[in-house]
Number of protein chains: 2
Amino acid sequence: MRVIDYSGRYAFADGAVKGAGKGGVAVATISDVARQAGVSTATVSRALNGKSTVDPALVARVRAAAEELGYHPNGLARNLRRQETAVLALIISDVENPFFTSIARGVEDVAQTAGYSVVLCNSDENADKEQRYIDVALQERVAGVVLSPTDVSSSVERLRHRGTPLVAVDRPLTECDQVLVDSRLAARQATEHLIGAGYRRIGCVTGPAGIRTADDRLAGYRDALDAAGRDLRLERRGEYRASGGRQATEALLAESPDALLVANSAMAIGVLEALGEAGLRLGRDVGVVAFDDVPWATLIDPPLTVVAQPAYEIGAAAARLLLARIAEPSLPPAATMLEARLIERGSTQRATSPR
Amino acid sequence: MRVIDYSGRYAFADGAVKGAGKGGVAVATISDVARQAGVSTATVSRALNGKSTVDPALVARVRAAAEELGYHPNGLARNLRRQETAVLALIISDVENPFFTSIARGVEDVAQTAGYSVVLCNSDENADKEQRYIDVALQERVAGVVLSPTDVSSSVERLRHRGTPLVAVDRPLTECDQVLVDSRLAARQATEHLIGAGYRRIGCVTGPAGIRTADDRLAGYRDALDAAGRDLRLERRGEYRASGGRQATEALLAESPDALLVANSAMAIGVLEALGEAGLRLGRDVGVVAFDDVPWATLIDPPLTVVAQPAYEIGAAAARLLLARIAEPSLPPAATMLEARLIERGSTQRATSPR
DNA sequence: ATGAAAGCGCTAACAT
DNA sequence: ATGTTAGCGCTTTCAT
């Protein structure tokens, strides 16, 4: 027999007062349900968790009691007892980048199917934030972590030390499960495409030194030029943002490039803005190929040639790897290398006429 | 799903065997630290939580012991004991929509400052998923929830019943803190802008019935036409995706609209594709104004006129509201109404000449 | 098949 | 200022 009072606490018939949750409303516990159903807490637990050893009649009673009381198991207590959580943490470096949100979708779909929830954290390309989120993941004892590492930092050491299953995406981490794309090769192919299209003064706009994808894409660019016996190097780095692309391009313009390989779609926005403002026609005056197949690639004129990375599949593969490791921690590290695909469009055709 | 790993256990000197975390590596607990530092667990707790009543010398000993053992407090146990979590859940309807990711950034920044972490969940415009994530939030006893509700559903009833602080964003929820944008007014103004620009056959491409923003924007469109004494209604609904926008537009084209108000930026992509394929010139043949200021708006030719919603500010305001309610649950519900801003660009100028 | 009871790791009274 | 102790709500032996 319970009485709700104004303060959000309720008194049992025996006079004991039970504190309520912060919300102010009393919340039913497993023992409330047990009392209501006239069974032990153990039986409630077994019944609600679908253990086969419980009398169907009791299961029904327990269910009814739980329903009536609006009982929701306390995940904290459950996880504490079980020493495990059905939560995966996904720490990405930019929530506003469609590449990473696609990865998130992939991780989520696979995790969901296996009964895990995914917690998405935005490290914002910032090692401190990354560290903070890793600490949270550690504290909350998540079952595993999918991470796109900001740098080769040792921030993951704590995870390692604690033995938390981890898989890296997009950027490599030594001795770790990972799902990567062969960025260097893709950049090389994209650059070769530019060469093949007849561009002579090919530049590269890439991200900050230390971010592996930025370095790899620059390396791929050089690979292609080397192989073609081209000497001219027009390279510029910037933040992986529109502003970074814009600044890099403005600087590069002094050297009159006639084509640009852009390492990231956020940068591409800045690059295209800068080109437009300089009165340069896309494709005709300056060819552009950018990493990541953004939804608006076909809306610009001429449409943008891109290096499409299989983002969703990266996420899905990472989640599968993570689940496998959670199930079997002693597995040797596995690296999955996915391929990017060049999608040729008008922005790399010198003879393009505006539609 | 659980695997017991014998290899990951360690034996204490006294022969007792302590279970290890799932990862297989033994994890230090507060009593390990206490033993190592030669103090009680209470002192460890106090020292590590910065309680002022602890001897500085002991604090140092404890810190050292914790460091040495690689101790990380178990958040599960802490939260269970404290009956509260420093985690906020943000359930949004589309991670791939920049509008929502901007909201996420806003929520995150404010929460971060207050010492809360944000868990991002993607309901995917799907009531079932939304329900599932709400249940997870309930189970994990998050401190509060920010939600962009899929519909007027009763899925939040459980949250209410449990007393979990909740704030709705983007779409209203009765008797609830909320941060909204006056979509209807914004849609009306956008339509009036179209009328003022000389368009005669103005259509509206909006989202599914039942999604409040979709309905409101349609209503605003009608308001403007009514006020202007226009009879012609060209309305079509579709999913809040590119494909939805494309289909709606293809259908609408039969009625020769000369302008379109598009209720969502994802839809806008499909709309623009359909227009392009039909050989219609943006602005000149068909004026377009779309909701949400996407980063690529200025890259298309002519640049896209948009209704810019203060997404980041919505998220920040929602987080502030939520934190206030967590601190003081008895506050009366507060509704914050933010304004959208029409940004006029070339896509709504009939006389535009391609740059 | 069911119950009693022992914790999971932590914090907060309550002692000292 | 520090230690002792009692739980938070749950699952899971171990009895019965």
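This is a predicted model, so every value here is computed, not measured. To find a chain, count down the sequence lines: A is the first, B the second, and so on, and within it residues start at 1.
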> Could you walk me through whether A/Tyr133 and A/Leu147 pass the side-chain contact (heavy atoms from CB on, under 4.5 Å) check?
Replying inline: CA-CA 10 Å; A/Tyr133 276 121; A/Leu147 171 74; over 6 Å; no
>> Quick one, A/Gln112 with A/Asp109, criterion side-chain contact (heavy atoms from CB on, under 4.5 Å). Give me CA distance, side-chain angles, the key distance, then yes/no.
In response: CA-CA 5 Å; A/Gln112 204 81 250; A/Asp109 285 354; 5.6 Å; no
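Each of B/Pro56 and A/Asn74 lies near DNA chain D, and the nucleotide nearest B/Pro56 is the one positioned closer to the 5' end. Looking at which nucleotide of DNA chain C each of B/Arg78 and A/Ser52 is closest to, the 5′-most match is held by A/Ser52.
Distance, A/Lys51 NZ to D/dC10 P: 15 Å, rounded to whole Å. Rounded to whole Å, the distance from CD on A/Glu84 to P on D/dC10 is 16 Å. Between the P atom of C/dG9 and the CZ atom of A/Arg82 lies a distance of 16 Å, rounded to the nearest Å. Atom CG of A/Leu138 is separated from atom P of C/dG9 by 15 Å (rounded to the nearest Å). One can place CZ of B/Arg35 at 20 Å from P of D/dT2, the figure rounded to the nearest angstrom. With rounding to whole Å, B/Asp55 atom CG is found 11 Å from D/dG3 atom P. Look at CZ on B/Arg61: it is 16 Å from P on D/dA1, rounded to the nearest Å. Nucleotide D/dG9 holds its P atom 15 Å from the CD atom of B/Glu140, rounded to whole Å.
Taking a 6.0 Å sphere around CD of A/Glu175, one finds it holds 12 or fewer heavy atoms contributed by other residues, nucleotides or ligands.
Judged by distance alone, the side chain of B/Ser31 and the main-chain N or O of B/Ala34 form no donor-acceptor pair under 3.5 Å. The backbone N or O of A/Gly144 lies less than 3.5 Å from no partner atom in the side chain of A/Thr164, so there is not a single donor-acceptor pair.
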Strictly under 3.5 Å: I want the nitrogen or oxygen pairs between protein and nucleotides 14-16 of chain D, one per line.
none

Atom pairs, protein N/O to nucleotides 5-7 of chain D N/O, distance under 3.5 Å:
from  : atom 1 : to      : atom 2 : distance (Å)
D/dG7 : N2     : B/Arg81 : NH1    : 3.2

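Taking only side-chain nitrogens and oxygens, A/Asn49 comes nearer than 4.0 Å to OP1 or OP2 of D/dT11. At the phosphate of D/dT11, neither OP1 nor OP2 sits under 4.0 Å from any side-chain N or O atom of A/Gln83.
Under the 4.5 Å side-chain criterion, counting only non-hydrogen atoms from C-beta, A/Val62 is not in contact with A/Arg46. A/Arg61 has its side chain within reach of A/Val39: a pair of non-hydrogen atoms, C-beta onward, lies under 4.5 Å apart. Using a 4.5 Å heavy-atom threshold, the side chains of A/Leu76 and B/Glu140 count as touching. Within the 4.5 Å cutoff, no side-chain heavy atoms of B/Gln36 are placed close to those of B/Val33.
Interatomic distance, A/Thr43 OG1 to A/Leu58 CG, rounded to the nearest 0.5 Å: 6.5 Å. Between B/Leu321 atom CG and B/Thr336 atom OG1 the span is 5.0 Å, to the nearest 0.5 Å.
Residue B/Leu80 places its side chain closer to D/dC8 than to any other of C/dT11, D/dC8, C/dT2. In this structure, the nucleotide among D/dA1, C/dA1, C/dA4 sitting nearest to the side chain of A/Ser40 is C/dA4. Considering only the side chain of A/Thr53, C/dT2 comes nearest among D/dT2, C/dC10, C/dT2. For B/Thr43, whose side chain is taken as the heavy atoms from C-beta onward, the closest listed nucleotide among C/dG3, D/dT2, D/dC10 is D/dT2. The side chain of A/Thr29 approaches D/dC10 more closely than any other nucleotide in the set C/dT11, D/dC10, D/dT2.
For the pair A/Arg132 and B/Glu108, the salt-bridge criterion is not met [side-chain N within less than 4.0 Å of a carboxylate O].
Note on B/Leu76: nothing from the nucleic acid sits closer than 4.0 angstrom, heavy atoms only.
Summary of helix geometry: the two end axes of the helix from C/dA1-D/dT16 to C/dT16-D/dA1, each defined by five base pairs via their C1' atoms, are inclined to each other by 40° (rounded to 10°).
Here the options are A/Thr85, A/Ile326, A/Val142, the test is side chain to side chain contact (heavy atoms under 4.5 Å, CB included), and the partner is A/Tyr116; only A/Ile326 passes.
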